[in-house]
Amino acid sequence: MTAVSNIPTAYPVPLHWDGEALDIIDQRALPQAERRLRLNTCADVADAIRALAIRGAPLLGIAAAYGLVLAAREGKLAQGGALLRAARPTAVNLPRTIDRCVAVVAASTDSPEATLLAEAQRLVNVEVNASDGITRHGASLLACARTIMTVCNTGALGTGHRGTALGIIIRLAETGPVTAICCETRPLLQGARLSSWELSRHGVAATVIVDSAAAALMRTLPIDAVVVGCDRLAANGDLINKIGTYGIALAAAAHGIPFIAAVTRSSIDAATPSGDDVEIEQRDPGEVLDLVPGVAALPGVTALNPAFDVTPARLITAVVTEAGVVRHASDPRTARLSETTDRAGL
Ligand SMILES: CSC[C@@H](O)[C@@H](O)C(=O)COP(=O)(O)O
């Protein structure tokens with residue numbers, strides 16, 4: 001990105017407009033390789049989004065804005081918008097950015113390409129400020145927490161700046177030792193691959209667990225809080241996030257562990273009444289079956305591969321946005337947020 005502020009270089013820059021094309025880190029190759037791709041067309045951007053080379057709700061919005069710059073250059077703005085919109089259905093950032101870009105072009109007297117480039121840059125700055133605000137408010141809310149569970153990847157790779165949930169953990173680690181329990185996040189392992197990579201760049205202790213160990217470890221480890229990101233927050237407060245989040249929220253409630261949602265305002269969707277009204281992306285069954293050689297070839301065996309789930313608002317202790325923290329008034333777990341423990345990591 002062009003205008004990332006003076007944060008430490010340990011934060012990766014997942015995409016950047018090089019003046020002609022979109023230069024990205026191919027997130028599929030991490031952590032083994034820091035491979036970069038140059039996306040020259042809007043179709044390239046849509047493909048990269050579909051394939052999860054670019055991912056994370058705020059970054060999807062930014063990528064879509066640059067994708068539209070390329071579409072405008074190709075003279076195919078409407079087709080480009082449709083292509084990007086269809087790339088992934090669940091994060092509200094994608095359609096929101098496309099709708100806004102179309103409206104901004106309609107209202108501008110400049111060329112569509114120049115207008116969209118300025119709009120993409122504005123969106124980068126919005127997300128930079130969102131990351132700054134969320135991590136500041138979140139680190140203050142969780143000042144007493146030392147062992148924190150998280151899901152998927154919600155760091156710089158998903159936002160372009162400090163991040164949301166992972167950014168809070170990294171910021172908290174600036175004040176004392178912190179251990180991040182990273183759910184591996186099947187089937188594409190964003191937690192095991194990407195969050196552990198980001199945390200190690202910052203020197204923050206990361207413990208990767210299989211997703212199915214989350215509840216069991218809440219019984220046995222001193223987990224102070226769970227912090228997750230968001231692809232869409234519905235009007236009733238339901239949280240739509242990476243598959244597995246709902247189960248972890250249920251387990252956290254059963255164990256009295258605070259469950260915090262870190263949500264950029266760009267992912268809040270007041271026009272959608274509840275989580276039940278959100279389209280959940282269903283991905284290729286091969287992403288599940290191909291992990292075990294031979295399974296896909298067995299007769300009669302298939303897979304379900306929903307990429308996201310809905311966590312009802314009642315399971316969420318607090319929502320952190322760049323504007324501040326909203327606590328669930330009747331959630332007794334809010335008291336635990338101000339408990340000081342003497343536990344330093346595991
Ligand atoms: C700050 S990123 C927030 C969410 O987009 C994140 O929690 C998530 O679920 C990402 O899913 P992904 O499928 O990797 O795009």
Side-chain angles (χ1 to χ4, degrees), residues 11-12 14-15 24-28 30 48-64 87-94 96-97 126-128 130-135 138 149-171 180 182-195 197-198 211 226-233 239-249 259-269 275 278-284 287-288 305-311 316 319-322:
Y11 289 94
L15 62 76
I24 68 161
I25 296 178
D26 183 350
Q27 298 193 29
R28 294 167 298 181
L30 291 171
I49 289 174
R50 216 175 295 115
L52 269 61
I54 299 171
R55 45 147 302 283
L59 202 72
L60 295 184
I62 293 169
R88 295 191 80 187
T90 303
V92 71
N93 304 60
L94 205 47
R96 168 168 291 160
T97 299
V126 166
E127 295 299 357
V128 164
S131 271
D132 276 336
I134 284 184
T135 55
M149 183 177 283
T150 190
V151 181
C152 198
N153 171 267
T154 55
L157 289 171
T159 61
H161 195 57
R162 290 177 182 270
T164 59
L166 198 71
I168 291 172
I169 294 172
I170 291 168
R171 195 153 189 161
C182 300
C183 295
E184 61 179 352
T185 316
R186 288 268 155 170
L188 299 178
L189 302 172
Q190 291 94 324
R193 294 187 301 107
L194 307 178
S195 294
W197 182 72
E198 284 202 43
D211 296 334
V226 176
V227 192
V228 302
C230 170
D231 280 79
R232 202 184 279 241
L233 192 79
L239 173 78
I240 296 88
N241 191 48
K242 177 51 57 188
I243 191 72
T245 303
Y246 176 37
I248 289 168
F259 181 91
I260 313 299
V263 181
T264 59
R265 283 192 290 186
S266 62
S267 294
I268 297 177
D269 181 9
V278 176
E279 181 180 349
I280 301 295
E281 177 182 3
Q282 305 294 323
R283 293 187 64 87
D284 180 356
E287 290 178 349
V288 177
N305 189 14
F308 299 96
D309 60 24
V310 178
T311 297
I316 302 171
V319 174
V320 184
T321 75
E322 58 268 43

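All ligand and atom numbering here is 1-based and tracks the order in the structure.
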Q) Is it the side chain (CB and beyond), the backbone, both or neither of Ala57 that lies under 4.0 Å from ligand 1, heavy atoms counted? A) both
Q. Any side-chain heavy-atom pair from Val151 and Thr185 closer than 4.5 angstrom?
A. yes
(Q) Counting only heavy atoms closer than 4.0 Å, does ligand 1 sit against the backbone of Pro58, its side chain, both, or neither? (A) side chain
Q.
Taking Thr90's backbone N and O only, do any of them form a donor-acceptor pair with Arg232's side chain (distance below 3.5 Å, no angle check)?
A. yes
(Q) Within ligand 1, which atoms have a heavy atom of Cys152 less than 4.0 Å away? (A) 8 (C), 9 (O), 10 (C), 11 (O), 14 (O)
Q: Using distance alone, determine whether Asp231 and ligand 1 share an N or O pair under 3.5 Å.
A: yes
Q.
Would Gly56 count as a polar contact of ligand 1, with the cut-off being nitrogen or oxygen pairs under 3.5 Å?
A. yes
Q) For atom OH of Tyr246, is the number of surrounding heavy atoms from other residues, nucleotides or ligands below 6.0 Å larger than 12? A) no
Q) Side chains of Leu30 and Leu157: closer than 4.5 Å at any heavy-atom pair? A) yes
Q) By number and element, which atoms of ligand 1 are closer than 4.0 Å to a non-hydrogen atom of Thr159? A) 1 (C)
Q) Under 3.5 Å, is there a donor-acceptor pair between the Asn153 and Arg193 side chains? A) no
Q.
Under a 4.0 angstrom heavy-atom cut-off, which atoms of ligand 1 come close to Thr164?
A. 1 (C)
Q) Of Arg55, Lys242, Arg232, which has the heavy atom at the shortest distance from atom 13 (O) of ligand 1? A) Lys242
Q. Run the side-chain contact (heavy atoms from CB on, under 4.5 Å) check on Leu59 and Thr159 step by step: do they pass?
A. CA-CA 5 Å; Leu59 202 72; Thr159 61; over 6 Å; no
Q. Should Gln190 be counted as touching ligand 1, given the test is an N or O pair under 3.5 Å?
A. yes
Q: Going by heavy-atom distance to atom 3 (C) of ligand 1, choose the closest among Cys230, Ser266, Ala262.
A: Cys230
Q) Taking Thr150 for the side chain and Val227 for the main chain, is one N or O donor matched with an acceptor at less than 3.5 Å? A) yes
(Q) Has Asn305 got a side-chain atom pairing as donor or acceptor with Asp284's backbone, closer than 3.5 angstrom? (A) yes
Q. Among all protein non-hydrogen atoms, which one is nearest to atom 7 (O) of ligand 1, and what is the separation to 0.1 Å?
A. Asn241 OD1, 2.6 Å
Q. How close does the nearest protein non-hydrogen atom get to atom 15 (O) of ligand 1, and which residue and atom is it?
A. Arg88 NH1, 2.8 Å
